[in-house]
Every structure is written in structure tokens, then in C-alpha cells.
*Asks:* 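Take a look at the following structure, please.
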2 protein chains.
Amino acid sequence: MANDFSYKDKKVITIGIVRDLTGLSERQIRYYEERKLIFPERSSGGSRKYSFADVELLVEIANKIEDGVQTHEIRKEMLRAQKKQNQDDLRRKMIQGQLNAQFGLRKGPSS
Amino acid sequence: MANDFSYKDKKVITIGIVRDLTGLSERQIRYYEERKLIFPERSSGGSRKYSFADVELLVEIANKIEDGVQTHEIRKEMLRAQKKQNQDDLRRKMIQGQLNAQFGLRKGPSS
DNA sequence: CAAACATGTGAGGTTTCCTAACATGGTTTT
DNA sequence: AAAACCATGTTAGGAAACCTCACATGTTTG
């Protein structure tokens with residue numbers, strides 16, 4: 001229904017390409033996964049698959065590490081940011097629910 | 001300067017993923033390349049790399065073939081379409097040149 | 001009917017990816 | 001300071017993914 005999530009989030013890039021795209025070593029990329037900073041999907045055979053969003057995230061992570069931030073700290077930041085995001089999403093959804101209850105169409109024209 | 005070409009056109013997808021995304025066989029994908037309908041890049045080691053745009057094009061090609069159109073015919077269509085596109089691009093660029101000559105700023109504020 | 005088309009399949013070989021382990025030079029922590 | 005942890009490199013052995021080439025086949029098309 002909402003938000004046909006597209007190119008940016010599709011997990012279709014193998015680790016070698018990610019290496020080329022980011023300039024990181026495969027070792028680093030896998031290590032950041034081990035530290036739960038990044039979550040590739042897997043092919044049936046077990047190969048990692050990343051999205052462009054993942055690639056961008058990896059670059060951000062690498063920058064922070066270069067600034068002396070530890071993976072552990074980065075992870076906490078990310079959890080905090082994500083929690084806030086979830087709260088915001090929920091709030092938005094509840095407001096939308098209210099609007100639908102008041103004005104929403106039943107069997108309305110589905111654009 | 002113009003049009004930071006992004007996700008959709010970056011060649012980062014290996015043939016196995018393209019197979020999964022399109023439902024075509026690798027044989028078909030390679031054959032359409034042989035018939036000059038699609039142009040993947042190559043990794044240093046020789047592996048093919050496709051873009052999302054390529055994936056969409058492959059689906060279109062497959063549909064036409066399913067409708068009985070031959071690769072040879074599809075190629076002609078594509079060349080025709082591309083030629084028109086080039087003409088349009090050129091025209092647009094010339095008009096833009098005229099505008100710049102008349103109103104364009106030298107050393108103007110760069111957005 | 002001969003040639004071309006579109007696709008499957010198999011062989012043999014190279015590239016890419018996987019995990020696991022050990023090495024190392026910096027930082028903390030005790 | 002010794003022990004522990006951090007981030008990364010490197011190596012080994014093995015499996016998955018990819019490559020080209022060739023042959024087979026059923027289906028158009030000239």
C-alpha cells in the first residue's frame with residue numbers, strides 16, 4: 001500500500017562491490033556486521049547481500065571509527081536514533097488513524 | 001554539474017541476483033547481451049555487473065520476446081528510440097546554450 | 001529444406017565469497 | 001605492568017558463483 005520501497009533499500013550488492021564502492025576492506029565490512037552495526041541479507045548459498053543504504057551507512061560508520069569512536073559506542077547511537085524513529089513513526093500512525101476514523105473512506109477510490 | 005546519476009544506473013548487481021530479480025535464466029541474460037540488447041560492465045576478474053535500469057530493461061526485453069518479437073527487431077527498436085533521444089537531448093542543449101548566451105551569468109552564484 | 005533463433009545443458013576453469021584461526025599494535029582495565 | 005579488549009591484516013581450506021565454449025533441440029523463417 002504505502003511506500004513502494006525501492007532501489008536504495010534492495011539488498012542486491014555483494015561484498016566485493018561494496019568493498020569497491022566504499023574503499024573498506026572485506027575484513028572491516030564483516031567485522032562491523034559482527035559488531036551488529038550492519039545487517040546484510042544472505043543468498044541461498046550464504047553470500048552477503050547489501051543495499052545502497054547499507055553502503056552509505058558503512059561509510060558513516062567508517063568515518064566515526066576514524067574519529068576514534070568505538071563500535072560499541074556507534075551501536076548505542078544507532079539504537080537511540082532508531083528508537084526515536086520508531087516513536088515518531090508510531091505517533092504519526094496514530095494521528096493518521098484518528099484522521100481515518102473521522103474522515104477515512106470505506107471502499108474509496110484507490111488512486 | 002547536472003544530474004548526479006544515482007542508484008538506478010550504477011552497475012553493481014551480479015548475474016545471479018539479476019536472475020533472481022527477473023526470473024530469467026543466466027543463459028537468457030547472457031544471450032541478450034550477445035545480441036547487443038544489454039551492456040553490463042565487468043569486474044576486474046571478468047564478472048558481469050548490471051544496474052537496476054538494466055534489470056528493468058531485461059524484463060521489457062523478455063516480454064517482447066514472449067510476444068514473438070525477435071532480438072533483431074528489438075534491437076532496431078532500441079536504436080530508433082535512442083536516436084530520437086539523442087536528437088531531443090541535443091535540441092535541449094542547444095536551446096539551453098542560447099539562453100546562457102543571452103542571460104547566463106559569468107562567475108555567477110553557484111546555487 | 002537449410003539456416004537462423006532462442007534456450008537448455010554440461011565440462012572445465014577462474015573468481016569471489018565463506019568461516020575460522022592466528023598475529024599485531026594500540027587502548028583500556030584491573 | 002599484565003591482562004583484556006579493540007580494530008584490522010593475513011592465511012588456509014573449501015564452497016559458491018561466475019566464466020567461456022560447445023553441443024543439443026525444438027521452433028521459426030528465408
Side-chain angles (χ1 to χ4, degrees), chain A residues 10-79, chain B residues 10-52 54-80:
Chain A
K10 275 224 150 127
K11 309 253 184 179
V12 296
I13 314 181
T14 53
I15 197 168
I17 310 253
V18 174
R19 171 184 22 75
D20 295 346
L21 255 32
T22 61
L24 301 175
S25 70
E26 296 184 17
R27 182 66 165 96
Q28 288 175 300
I29 298 169
R30 296 202 187 96
Y31 180 65
Y32 300 155
E33 177 181 359
E34 188 182 320
R35 304 320 298 271
K36 303 210 192 312
L37 300 180
I38 191 96
F39 305 93
E41 290 180 0
R42 297 288 185 134
S43 77
S44 50
S47 297
R48 274 167 262 250
K49 297 188 298 181
Y50 302 85
S51 67
F52 282 111
D54 290 334
V55 169
E56 293 186 2
L57 181 52
L58 278 169
V59 171
E60 286 179 39
I61 292 169
N63 285 338
K64 291 191 186 170
I65 286 189
E66 203 152 3
D67 294 348
V69 187
Q70 289 190 189
T71 52
H72 185 257
E73 202 49 47
I74 298 175
R75 175 149 167 78
K76 277 199 279 186
E77 282 178 34
M78 284 175 50
L79 289 178
Chain B
K10 274 224 150 130
K11 307 254 185 179
V12 297
I13 313 180
T14 53
I15 197 169
I17 309 256
V18 173
R19 171 182 22 73
D20 295 346
L21 255 32
T22 60
L24 301 175
S25 70
E26 296 184 18
R27 182 65 164 96
Q28 286 174 301
I29 298 169
R30 296 202 187 96
Y31 179 66
Y32 301 155
E33 176 181 359
E34 188 182 320
R35 304 321 298 272
K36 302 209 194 308
L37 300 180
I38 191 97
F39 305 93
E41 290 180 0
R42 296 289 185 133
S43 77
S44 49
S47 297
R48 274 167 263 250
K49 297 187 300 181
Y50 302 86
S51 66
F52 281 112
D54 290 334
V55 168
E56 293 186 2
L57 181 52
L58 278 169
V59 171
E60 286 179 38
I61 293 170
N63 285 337
K64 291 191 184 168
I65 286 189
E66 202 151 4
D67 293 348
V69 187
Q70 289 191 189
T71 53
H72 185 256
E73 202 48 48
I74 297 175
R75 174 154 169 76
K76 276 198 278 186
E77 282 179 33
M78 284 175 50
L79 289 178
R80 252 177 277 135

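Because only heavy atoms are used, hydrogens play no part in the values below, and waters and symmetry mates are left out as well, while side chains stay in. So you know, we letter chains A, B, ... as the sequences are listed, proteins then strands, and number each from 1.
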*Asks:* Under 4.0 Å from OP1 or OP2 of C:dT16: is there any side-chain N or O of A:Thr14 that close?
*Replies:* no
*Asks:* Could you pick out which residue, A:Gly45 or A:Thr71, lies toward the 5' side of DNA chain D when each is mapped onto its nearest nucleotide?
*Replies:* A:Thr71
*Asks:* Report the distance from atom CD of A:Glu34 to atom C1' of C:dC18, rounded to the nearest whole Å.
*Replies:* 14 Å
*Asks:* Reckon A:Ser44 touches a base, only the sugar-phosphate, or nothing at all at heavy-atom distances under 4.0 Å?
*Replies:* nothing
*Asks:* When the distance from CD of B:Glu73 to P of C:dA6 is rounded to whole Å, what number comes out?
*Replies:* 11 Å
*Asks:* Under 4.0 Å from OP1 or OP2 of D:dC6: is there any side-chain N or O of A:Tyr31 that close?
*Replies:* no
*Asks:* So what does A:Arg30 hit on the nucleic acid, given a heavy-atom distance under 4.0 Å: a base, only sugar-phosphate, or nothing?
*Replies:* base
*Asks:* Using a strict cut-off of less than 4.0 Å between a Lys/Arg side-chain nitrogen and an Asp/Glu carboxylate oxygen, indicate whether B:Glu33 and B:Arg75 qualify as a salt bridge.
*Replies:* no
*Asks:* For the pair made of CD in B:Glu66 and P in C:dA6, what is the distance, rounded to whole Å?
*Replies:* 14 Å
*Asks:* Any sub-3.5 Å donor-acceptor pair from A:Gln28's side-chain atoms to A:Ser25's backbone N or O?
*Replies:* yes
*Asks:* Establish, with yes or no, whether the OP1 or OP2 oxygen of D:dA7 is under 4.0 angstrom from a side-chain nitrogen or oxygen of A:Tyr32.
*Replies:* no
*Asks:* Looking only at side-chain atoms of B:Ser47, point me to the closest of D:dA16, D:dC18, D:dG9.
*Replies:* D:dC18
*Asks:* Specify the residue among A:Arg19 and A:Gln70 whose closest nucleotide of DNA chain C lies further upstream toward the 5′ end.
*Replies:* A:Arg19
*Asks:* Looking only at side-chain atoms of B:Arg27, point me to the closest of D:dC18, D:dC23, D:dT8.
*Replies:* D:dC23
*Asks:* Would you say B:Ser43 reaches C:dT16's phosphate, i.e. side-chain N/O to OP1/OP2 under 4.0 Å?
*Replies:* yes
*Asks:* Could you give the CZ-to-C1' distance, from B:Arg48 to D:dA17, as a whole number of Å?
*Replies:* 12 Å
*Asks:* With a 4.0 Å limit, can you tell me whether A:Ser25 has a side-chain N or O closer than that to the phosphate oxygens OP1/OP2 of D:dG9?
*Replies:* yes
*Asks:* If I compare all heavy atoms of A:Leu37 with all of A:Leu57, which pair ends up nearest, and what's the gap?
*Replies:* O-CD2, 3.7 Å
*Asks:* Does some side-chain heavy atom of B:Val12 sit less than 4.5 Å from a side-chain heavy atom of B:Lys49?
*Replies:* no
*Asks:* B:Lys36 NZ to C:dA6 P: how many Å, rounded?
*Replies:* 15 Å
*Asks:* Just how far, in rounded Å, is P of C:dC5 from NZ of B:Lys76?
*Replies:* 12 Å
*Asks:* Round to a whole Å and report the spacing from CD1 of A:Ile29 to P of D:dT8.
*Replies:* 11 Å
*Asks:* Determine whether A:Tyr31 and A:Arg35 satisfy the following criterion, side chain to side chain donor-acceptor pair (under 3.5 Å), listing intermediate values before the conclusion.
*Replies:* CA-CA 6 Å; A:Tyr31 180 65; A:Arg35 304 320 298 271; 2.9 Å; yes
*Asks:* Please give, in whole Å, the distance from D:dC5 C1' to A:Arg35 CZ?
*Replies:* 9 Å
